[in-house]
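One structure is given below, encoded as structure tokens.
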Amino acid sequence: MIAKLSKKERTKILHTQLMTYFRERIRDGRLPAGTRLPADGELAAKYQISRDTVRQALALLVNEGLIERVQGRGTFVSQPASNGSPVTQLKQKQVGLVLNRTLRTHVNMNLLVGVEQAAKSHGYSVSFTYAEGNQEQQARDIARLRANHVLGMIIYLTGDSTHDASIQQLQADHVPLVLIDRYIPDLAIDYVGVDNAGGGYRATEHLLILGHKRIGFIFSYEETLQTTSVYERWQGYCKALQKYGVPYDETLVVPDLNPCYQAAEWPISSVPNDETLVVPDFRQLQADTHEGLVGFLERPDRPSAIFAVNDYVALDVMQAAKAIHLRIPEDLAVVGFDDEAFAAHVNPPLTTIVQQSIDIGLRAGTLLISRIEGIVGVPKHIELPTNLIIRESCGAQLHVKKGLSLSQEKIKESPSPLQGNDLSYF
């Protein structure tokens with residue numbers, strides 16, 4: 001059977017077999033603590049696989065705490081942490097979760113709930129941490145989790161991550177890894193998120209259907225279009241405008257600035273596979289946006305509607321509108337993204353795109369554990385569907401009521417079918 005497989009498929013099978021072979025013998029005592037394993041070259045020759053494949057298999061066993069590599073001496077079966085009690089076994093079956101949050105980008109705890117559900121169902125526990133939007137802190141958290149011998153990690157990257165040495169090191173060391181919500185385009189790593197582009201398209205389309213033509217896109221200054229989830233929501237926004245024949249206006253795409261913000265150098269790039277969409281040059285927009293959202297909404301050519309990249313930014317928009325006495329939705333329609341807990345309770349309730357955070361965590365946890373337990377294959381890129389929840393902030397109810405009112409007026413103004421007819425013969 002193996003002879004009929006491709007070389008790549010055969011290598012994957014042998015990689016799993018090698019890992020499973022040593023794992024079983026270490027756990028049942030056939031390879032006691034202190035046993036020296038054959039050198040990588042010997043194993044490669046014996047199983048007719050590459051040294052890199054051997055290193056991948058052994059790296060997984062190192063992460064599980066079953067073996068250790070000693071520089072200049074070789075690879076040895078590790079000493080057991082204790083007597084192998086159920087508590088010890090649970091500690092050995094740990095996965096790490098690194099979350100991130102900033103002032104305007106909060107992580108729903110449902111992500112953690114979903115990961116924990118997946119972990120518990122497979123006999124694993126979860127060790128998690130918050131990196132607070134700081135890449136250096138994220139690197140320290142990853143190092144701490146590795147020191148605690150987690151078997152794999154789920155990571156919610158810091159915003160605007162186009163390069164991350166700690167992630168690349170995990171990949172080089174063959175540590176099972178799943179990214180959630182955002183990813184690094186140049187790295188082939190398992191990923192679970194939502195259909196951000198589809199959600200952005202649906203939010204913008206809804207506003208277009210309600211009759212808006214000048215629709216702003218507001219993103220967080222902490223996570224710009226270099227963050228893949230933000231970029232994809234912007235892509236959806238742009239494509240909806242294209243679909244409905246509304247010209248793209250880069251002056252309507254601005255960051256949600258705060259007084260402490262220092263403008264950075266923004267890159268200019270183009271949207272993949274679509275030469276008509278160009279990422280705006282924000283260096284030219286800095287002068288227009290330094291006054292923040294209030295200044296943006298006070299412009300004589302202000303938008304009549306806003307699609308905010310997340311609900312916290314939408315809340316900032318609503319507060320700015322209130323400060324200058326713009327009514328929502330009568331003067332300004334607003335749509336957010338995420339359906340945070342407060343979205344249904346603000347005044348007016350926020351129309352938003354909902355993503356199922358528990359499902360993201362559940363899928364990510366299940367995928368990670370499958371990798372830990374030897375399921376190999378090309379990296380997966382999983383996008384879960386989103387839905388639009390229509391509340392009052394977008395003005396849909398006003399739009400419908402206005403349409404019904406106009407219809408009633410037309411009925412009243414239209415002449416009766418019998419009006420003007422000669423009824424003398426009755």
- Message: Side chains of Asn347 and Glu392, heavy atoms from C-beta outward: is any pair under 4.5 Å?
- Response: no

- Query: side-chain hydrogen bond (donor to acceptor under 3.5 Å, both in side chains) with Gln171: which residues, sequence neighbours excluded?
  - Reply: none

- Is a side-chain N or O of Gln138 found less than 3.5 angstrom from the main chain of Thr158, in a donor-acceptor match? yes

- Verify salt bridge (charged side-chain N to carboxylate O under 4.0 Å, His left out) between Asp339 and Arg391, making sure each step is shown before the conclusion. CA-CA 11 Å; Asp339 194 30; Arg391 299 191 180 105; 3.1 Å; yes

- Message: With a 4.5 Å cut-off on side-chain heavy atoms, are Asp359 and Val192 touching?
- Response: no

- Backbone N or O of Val230 within a donor-acceptor pair of the Thr227 side chain at under 3.5 Å? no

- Message: With a 4.5 Å cut-off on side-chain heavy atoms, are Pro348 and Ser393 touching?
- Response: yes

- Message: Going by the rule ring-ring contact (aromatic ring centres under 6.0 Å, His included), which residues pair with Phe307 if we only count those two or more places apart in sequence or in a different chain?
- Response: Phe217

- Quick one: pull up OG in Ser166 and CD1 in Ile142 and give me the separation to the nearest 0.5 Å. 3.5 Å

- Does atom CZ of Arg140 have more than 12 heavy-atom neighbours, drawn from other residues, nucleotides or ligands, at distances under 6.0 Å? yes

- Residue among Ile154, Leu97, Val115, Val95 satisfying side-chain contact (heavy atoms from CB on, under 4.5 Å) with Phe128: Leu97

- Message: Between Arg214 (side chain only) and Ser304 (backbone N and O only), is there a donor and an acceptor less than 3.5 Å apart?
- Response: no

- Task: Validate the cation-pi geometry between Lys239 and Tyr201: distance from NZ or CZ to the six-membered ring centre under 6.0 Å, angle to the ring axis within 45°.
- Result: no

- Message: My understanding is that only residues two or more places apart in sequence, or in another chain, count here; which of them pass side-chain hydrogen bond (donor to acceptor under 3.5 Å, both in side chains) with His206?
- Response: none

- Decide whether a cation-pi geometry holds between Arg233 and Phe219; the criteria are a distance under 6.0 Å from NZ or CZ to the six-membered ring centre and an angle within 45° of the ring axis. no

- Task: Heavy atoms only: give me the nearest Cys394-Leu210 pair and the separation to one decimal.
- Result: O-CD1, 3.3 Å

- Item | ring-ring contact (aromatic ring centres under 6.0 Å, His included) partners for His122, two or more places apart | none

- Give the minimum heavy-atom separation between Asp173 and Ala59, together with the two atoms involved. O-CB, 3.3 Å

- Query: Of the non-hydrogen atoms in Pro176 and Asn63, which two are nearest, and what is the gap between them?
  - Reply: CD-ND2, 3.9 Å

- Verify the distance criterion only: is there a donor paired with an acceptor across the side chains of Ser50 and Asp52 at less than 3.5 Å? no

- Item | Tyr156 (side chain) donor-acceptor with Arg182 (main chain) under 3.5 angstrom | no

Residues 381-389 side chain polar contacts: donor-acceptor under 3.5 Å, at least two apart:
residue : atom : partner : partner atom : Å
His381  : NE2  : Glu383  : OE2          : 3.3

- Query: Does Thr228 reach the main-chain N or O of Tyr183 with its side chain, forming a donor-acceptor pair under 3.5 Å?
  - Reply: yes

- Item | Partners passing side-chain hydrogen bond (donor to acceptor under 3.5 Å, both in side chains) against Thr75 (at least two apart in sequence or in another chain) | Arg69

- Message: Taking Lys213 first and then Asp301, would you say they form a salt bridge - that is, a charged N and a carboxylate O separated by under 4.0 Å?
- Response: no

